[in-house]
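Reading through the C-alpha cells given below for one structure.
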Protein chains: 2
Amino acid sequence: MQKNNLYKGSLSTIVLSLLKEQGKMYGYQITREVEKITSGQLKVTEGALYPTLHKLEAKGLLSVEMAKVNNRVRKYYYITEKGKKETANLLNEMKSFISNMEVLINPKLA
Amino acid sequence: MQKNNLYKGSLSTIVLSLLKEQGKMYGYQITREVEKITSGQLKVTEGALYPTLHKLEAKGLLSVEMAKVNNRVRKYYYITEKGKKETANLLNEMKSFISNMEVLINPKLA
DNA sequence: TATAATACCTAAGCAAATTAGGTATGTCAT
DNA sequence: ATGACATACCTAATTTGCTTAGGTATTATA
C-alpha cells in the first residue's frame, strides 16, 4: 500500500497560492519549498508539477521568464492578474472543502 | 465552468466516518445526510457513492444487510472492525492533508 | 569517476470523480 | 388516472489529475 501525496485538484491551488505570496519561482524550487513548508510531509512530484505549470500558463494564470544560472536554464513562473483572481476562487473552494470535511468527520461539530 | 463537489479520495473517508459515528445507513440516506450536515454545500452524487459502497464492502470495511421498507428495498451498510481501523488511518491522512494545506495557503502560518 | 543534486521534461497507467443515463415503487396534486 | 416528484437502487462512458517511471543535461561532491 502506497500513500498519495495529494488530494486531486489541490496542486493548482498550492502552486498559485505560493506564487501569489512569494513572487516568481521555478519548478524545482516549488518542489523544495512545499517540502520545506510542510516539514517534509508533502512531496510534489515533478510528474505532476510540470504539466500543471504548463496548464496554468496556457490558461493565462501564470507567465514565464527564462533565466540562465550557472549554465543551467531556469523557468521562473509568476502569477498574472487573471491568476490572482482565480487563486482567490480556488482558495475559497479549498476553505469550503476543508470546513465541510471538518463537520463531516468531527461528530462534535455536526 | 462546472464545479466539483469533492476532492478525489475524500468520499471513502466521508462514508466510513459517517457510518462509524451514526451506525448503519443506506445509500440514499447518506446522500441526504451529507447534504444536511454541510447545509447543502456538498452533494454526494449517486454515481460516485454506490460504486464506493460496493468497493468498501468488497474490501471488508463495510457489511451489508437488506431490509424491505414500504415494499422498497434498502441496503443498510454498517462498518466492520477492519473498517474502523481503516477509518482511523483515513482520518489521520485527511487531517494531515488539511494541516498541510493550511500552512501552504496561509502565509501567516508558514 | 561515479553519485547526488539541480533543473527541465514526457508518457503510460490508474483511481476516483462527473455526467448521464437506467429500473422500480410510493406519494401527491390536478 | 396521470404526470411529476421523492425514494431507492444501479451502471457505463468519460474526464481529470494524480503516480510511476522513465528520459536529458549540467554542476558539485565524495
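Chain naming here is simple, since letters A, B, ... match the order of the sequence lines and numbering starts at 1 in each. Worth knowing before you read on, the calculation uses all heavy atoms, side chains too, and leaves out hydrogens, waters and symmetry mates.
At least one side-chain heavy atom of Gln41(A) sits less than 4.5 Å from a side-chain heavy atom of Ser96(B). Glu46(B) places a side-chain heavy atom less than 4.5 Å from the side chain of Tyr28(B).
Between Leu16(A) atom CG and dG17(D) atom C1' the separation is 15 Å, expressed in whole Å. Rounded to whole angstrom, the span from the CZ atom of Arg32(A) across to the P atom of dA7(C) amounts to 10 Å. Note: OH (Tyr7(A)) to C1' (dT16(D)) measures 17 Å, nearest angstrom. Rounded to whole Å, the distance from CG on Leu6(A) to P on dC18(D) is 6 Å. Distance, Glu65(B) CD to dC9(D) P: 13 Å, rounded to whole Å. We find that CE of Met94(A) is positioned 13 Å from C1' of dG17(D), with the value rounded to whole Å.
At least one side-chain nitrogen or oxygen of Tyr26(A) sits closer than 4.0 Å to the OP1 or OP2 atom of dA7(C). Contact between the side-chain N/O atoms of Asn71(B) and the OP1/OP2 oxygens of dG26(C) is found at a separation under 4.0 Å. Under 4.0 angstrom from either OP1 or OP2 of dT26(D) there lies no side-chain N or O belonging to Asn70(A). When the side-chain nitrogen and oxygen atoms of Asn5(A) are compared with OP1 and OP2 of dT19(D), one or more of them lie within a distance under 4.0 Å. A sub-4.0 Å separation between OP1 or OP2 of dA7(C) and a side-chain N or O of Arg74(A) is present. In terms of phosphate contacts, Lys75(B) brings a side-chain nitrogen or oxygen within less than 4.0 Å of OP1 or OP2 of dC10(D). Between Tyr28(A) and dT6(C) there is a side-chain N or O to OP1 or OP2 distance below 4.0 Å.
Looking at Thr52(B), its side chain never comes within 3.5 Å of a backbone N or O of Ser12(B) through a donor-acceptor pair. In terms of modelled atom types and a separation under 3.5 Å, the side chain of Thr38(A) and the main chain of Val34(A) share a donor-acceptor contact.
Checked against Tyr76(A) for a side-chain contact (heavy atoms from CB on, under 4.5 Å), the options Met25(A), Gln29(A), Met66(A) give a single hit: Gln29(A). The only member of Thr87(A), Leu49(A), Ile79(A) that meets side-chain contact (heavy atoms from CB on, under 4.5 Å) when paired with Val15(A) is Leu49(A).
Interface remark: the Lys8(B) side chain does form a donor-acceptor pair with the dA16(C) base, using a distance-only criterion of under 3.5 Å.
Residues from residues 42-61 of chain A with heavy atoms under 4.0 angstrom of DNA chain D, sorted by number: Thr45(A), Gly47(A), Ala48(A), Thr52(A), Lys55(A).
Counting any heavy atom pair closer than 4.0 Å across all strands shown, Ser10(A) reaches sugar-phosphate atoms only and no base atom.
In this structure, Glu65(B) does not pair ionically with Lys75(B), as no charged nitrogen and carboxylate oxygen lie closer than 4.0 Å.
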